[in-house]
Structures are given as C-alpha cells and as structure tokens.
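Data first, discussion second: the structure below is written as structure tokens.
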Amino acid sequence: RTSDGNKEPTDLNALTDEYLRLAYHGLRAKDKSFNAVIKTDFDDALPEVNVVPQEIGRVLLNLLTNAFHAVDERKQKEPEGYEPRVRVKTRKKKNGLEIAVEDNGEGIPEDIRDKIFQPFFTTKPTGEGTGLGLSMSYDIVTKGHGGTLSVESQPEKTKFILILPM
C-alpha cells in the first residue's frame with residue numbers, strides 16, 4: 001500500500017486482524033510445517049483512532065511475526081507436548097487504545113529486555129535479523145503517534161503492549 005503519511009480514522013480491530021493474517025500466512029508461505037493456535041479477543045466497542053494505518057500495520061506485522069518466530073523456535077526445541085499459541089487483544093483503556101500481542105514462546109531474558117528497542121540489537125543469528133524491527137516500531141509508536149510500546153516477559157510468555165492515544 002502506498003502511504004501519504006497522513007493520519008486517518010482507523011478501525012484498529014480490522015487493521016490488527018488484517019496484519020495478523022498477513023504475518024501468519026507470510027510465515028506459512030515460507031514454512032508449510034509452521035502452525036500456531038491464534039486467539040483473538042477484540043473489543044467491539046473500540047472507537048476509531050487517528051493513525052497512519054500503514055505505519056501501525058508495519059508495527060503490528062513486526063510484533064506478530066516476532067511472536068510467531070518465538071513460538072516456532074520453542075516448538076523446534078520441544079516438539080512433543082508443546083502447543084504454540086499467539087493471542088491478540090484490543091481494549092479501550094483510560095490512557096488510550098491498547099493492542100496486546102502475547103506468545104507462549106521461551107520468553108525474553110531479563111538481561112536483554114531493556115535493549116530490545118535499541119537499533120541494531122538482535123537475538124537472531126547473523127544474517128537473519130537486522131535488529132531494526134522493534135526499534136523502528138518503537139519510534140513509529142512513540143515519536144510518530146505519541147503512544148507507548150512496552151514488553152512484559154517471563155519464562156514461556158512474552159507480551160508486547162502497544163497503546164495509542166485517542
């Protein structure tokens with residue numbers, strides 16, 4: 001899609017759903033054996049919000065692709081008895097509209113959690129990641145839209161929380 005960079009009233013549920021499908025089918029196209037249980041919990045009363053849809057779409061694509069990679073990595077290590085799950089939730093909060101992307105991968109170790117939004121920081125093997133996805137996403141959300149992007153992680157669970165002001 002072409003973007004003129006202008007903010008426009010956007011249905012976050014529809015945008016989130018669209019990029020969830022894009023991320024999932026993008027991974028399935030590369031790896032036919034990839035599978036994950038996807039749960040969505042969209043707040044039907046979500047008002048439209050003024051955003052640049054292509055930019056927030058890029059952020060969602062990054063967060064969702066990362067979540068699918070995380071559960072796939074864990075599945076490679078634990079082929080028996082592990083069910084890869086990604087959950088996407090939208091909510092209206094006092095401080096804005098929230099999109100949460102949660103996975104049951106291995107989690108992000110505490111010692112690197114504060115570095116993941118820095119440019120060029122990556123945990124992926126050489127040649128597989130640029131380390132720009134999360135830093136770019138962070139800038140789009142915070143500088144471009146006045147929102148917040150944060151992470152909560154523990155072993156076997158990571159949740160990225162994106163909040164956009166109304």
Side-chain angles (χ1 to χ4, degrees), residues 1-44 46-76 82-92 96-106 108 116-117 119 121-125 127-145 147-153 157-164:
R1 286 189 187 167
T2 57
S3 168
D4 54 10
N6 289 331
K7 292 184 180 176
E8 55 189 72
T10 303
D11 177 343
L12 277 187
N13 288 336
L15 190 72
T16 303
D17 194 52
E18 178 184 350
Y19 281 92
L20 176 60
R21 292 172 199 282
L22 270 172
Y24 185 72
H25 293 297
L27 273 172
R28 293 264 311 161
K30 286 184 198 150
D31 177 5
K32 297 276 182 259
S33 70
F34 174 75
N35 222 324
V37 173
I38 300 169
K39 286 195 164 43
T40 56
D41 181 5
F42 293 156
D43 182 346
D44 294 333
L46 224 55
E48 287 192 332
V49 63
N50 281 324
V51 296
V52 181
Q54 296 80 2
E55 289 184 359
I56 296 303
R58 186 184 294 169
V59 171
L60 290 168
L61 191 62
N62 184 263
L63 295 178
L64 292 160
T65 301
N66 285 353
F68 288 132
H69 279 300
V71 298
D72 194 41
E73 261 178 48
R74 185 169 168 201
K75 180 71 177 169
Q76 306 300 327
Y82 167 69
E83 181 183 62
R85 286 191 311 273
V86 173
R87 183 170 171 216
V88 184
K89 184 175 170 180
T90 61
R91 286 287 175 268
K92 183 178 176 186
L97 303 183
E98 176 186 282
I99 303 170
V101 176
E102 187 178 302
D103 69 69
N104 69 339
E106 293 182 296
I108 301 169
I116 62 171
F117 295 118
F121 180 80
T122 182
T123 58
K124 293 187 173 98
E128 278 188 39
T130 59
L132 290 173
L134 284 174
S135 76
M136 192 178 64
S137 295
Y138 187 82
D139 285 351
I140 288 170
V141 172
T142 59
K143 294 178 183 156
H145 289 83
T148 60
L149 181 60
S150 58
V151 64
E152 296 171 0
S153 190
K157 183 173 160 187
T158 299
K159 184 198 285 188
F160 281 88
I161 302 161
L162 160 62
I163 297 178
L164 296 166

Item checked: Heavy-atom closest pair, residues K75 and Y82 -> NZ-O, 3.2 Å
Note to self: Is there a side-chain contact between D103 and F160 in this structure, where contact means two heavy atoms from C-beta onward sitting under 4.5 Å apart?
What the structure shows: no
Checklist line | Y24 OH: over 12 foreign heavy atoms closer than 6.0 Å | finding: yes
Notebook entry, point to check: F68 versus I38: any side-chain heavy-atom pair under 4.5 Å?
Noted result: yes
Note to self: Between T40 and N13, is the side chain to side chain contact (heavy atoms under 4.5 Å, CB included) condition met? List the steps.
What the structure shows: CA-CA 10 Å; T40 56; N13 288 336; over 6 Å; no
Check: Can you tell if the side chain of E102 reaches within under 4.5 Å of the side chain of K39, non-hydrogen atoms only?
Finding: no
Next item on the list: Examine distances only and state if a side-chain atom of R28 and a backbone atom of F34 form a donor-acceptor pair shorter than 3.5 Å.
Entry: yes
Next item on the list: Test N66 against every option in L134, I108, I116 by the side chain to side chain contact (heavy atoms under 4.5 Å, CB included) rule and name the one that passes.
Entry: L134
Check: Quick one: does D43's side chain have a donor or acceptor within less than 3.5 Å of a partner on K92's backbone?
Finding: yes
Check: When rounded to the nearest 0.5 angstrom, what distance separates NZ in K159 from CG in L63?
Finding: 13.5 Å
Check: Got a donor-acceptor contact below 3.5 angstrom from the S33 side chain to the D31 backbone?
Finding: no
Next item on the list: Take L97 and T90, measure what side chain to side chain contact (heavy atoms under 4.5 Å, CB included) needs, and give me the verdict at the end.
Entry: CA-CA 7 Å; L97 303 183; T90 61; over 6 Å; no
Note to self: Would you say that K157 contacts N104 through its side chain, given a criterion of any heavy-atom pair below 4.5 Å between the two side chains?
What the structure shows: no
Checklist line | Sub-4.5 Å side-chain heavy-atom contact between V88 and F42 | finding: yes
Check: Between CG of L61 and CG of L20, what distance do you get to the nearest 0.5 Å?
Finding: 10.5 Å
Margin query: Contact between K89 and R87 at the side-chain level, heavy atoms closer than 4.5 Å - yes or no?
Written below: yes
Note to self: Side chains of E98 and I161, heavy atoms from C-beta outward: is any pair under 4.5 Å?
What the structure shows: yes
Next item on the list: First locate atom CG of D72, then atom CG of L27, and finally report the distance between them rounded to the nearest 0.5 Å.
Entry: 7.5 Å
Check: Got a second to check how far L46's CG is from D11's CG, nearest 0.5 Å?
Finding: 7.5 Å
Margin query: To the closest 0.5 Å, what do you measure between OG1 (T16) and CD1 (I56)?
Written below: 9.5 Å
Next item on the list: Enter the distance from L149:CG to L164:CG here, rounded to the nearest 0.5 Å.
Entry: 9.5 Å
Margin query: Could you tell me if the side chain of V52 sits less than 4.5 Å from the side chain of K7, heavy atoms only?
Written below: yes
Item checked: R58, CZ: over 12 other non-hydrogen atoms inside 6.0 angstrom -> no
